[in-house]
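As structure tokens, the structure follows; a few thoughts come after it.
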Amino acid sequence: MPALTDKLDLGSLHLSSGEGRRLELTVRIEPLVLGGERYVVEPPQPAVVLDVSRMVGNGYALRLRFAAALEGPCMRCLGKAAPAVEVDAREVDRPGGGEELSSPYVHKETLDLAAWARDAFALDAPTQVLCRADCAGLCPVCAMDLNALDPAGPEHHHEREPDPRWAKLRELELE
Ligand SMILES: [Zn+2]
Ligand SMILES: [Zn+2]
């Protein structure tokens with residue numbers, strides 16, 4: 001199992017100008033909160049591939065790749081969802097290169113790998129976390145899980161808008 005790395009001293013790699021190195025590491029990614037719900041990263045310490053290149057002149061070009069799942073409640077039916085997220089992120093840090101060539105994750109020669117991995121994962125994660133792309137969700141009237149319906153059976157519908165007090169009562173019954 002590769003070493004768990006939160007921060008990495010790029011200088012300790014002793015790369016010469018133009019030289020690159022591929023590192024296999026693991027990094028811990030903290031749970032995310034999306035739409036008020038908590039989502040964990042599975043595995044919480046994914047294996048990552050980090051390519052470090054020492055640029056000619058000065059600075060580093062970095063590429064981070066890993067895959068992990070985002071686990072938590074489906075945003076439609078509240079069932080279990082675990083969409084796979086593939087991360088392929090790049091950063092460039094070139095001292096004296098101005099704002100655009102300055103990475104927020106590199107301070108002097110120290111790479112904040114944990115912060116970069118977390119941000120890149122959050123950026124690539126779906127904004128709608130679903131158990132499956134065509135999740136039917138819950139009936140807005142009676143809160144029944146519409147995924148459980150027999151597709152060959154009768155359609156689920158309500159004759160008329162029920163009294164909202166009844167809906168409230170049903171909600172309580174479901175708890
Ligand atoms: Zn669902
Ligand atoms: Zn219903």
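Both ligands and their constituent atoms are indexed starting at 1 by order of listing.
We find the CG-OG1 distance between Leu50 and Thr5 to be 9.0 Å, quoted to the nearest 0.5 Å.
If you check the side chains of Asp93 and Tyr105, you find no donor sitting under 3.5 Å from an acceptor. There is a side-chain donor-acceptor pair under 3.5 Å between Tyr60 and Glu109.
Inter-residue side-chain proximity for Ile29 and Pro44 is flagged as unmet; no heavy-atom pair is nearer than 4.5 Å.
Ion pairing between a basic and an acidic side chain is recognised when a charged N comes within 4.0 Å of a carboxylate O; Arg21 and Asp51 show no such pairing.
Note on residues 132-154: pairs passing salt bridge (Lys or Arg N to Asp or Glu O under 4.0 Å), not counting sequence neighbours, are Arg132-Asp134.
Counting only distances under 2.8 Å, and ignoring water, the protein N, O or S atoms around the Zn ion (ligand 2) are Cys139 SG, Cys142 SG, His156 NE2, His158 NE2.
At the Zn ion (ligand 1), the vertex angle linking SG of Cys74 with SG of Cys77 is 110° (nearest 10 degrees).
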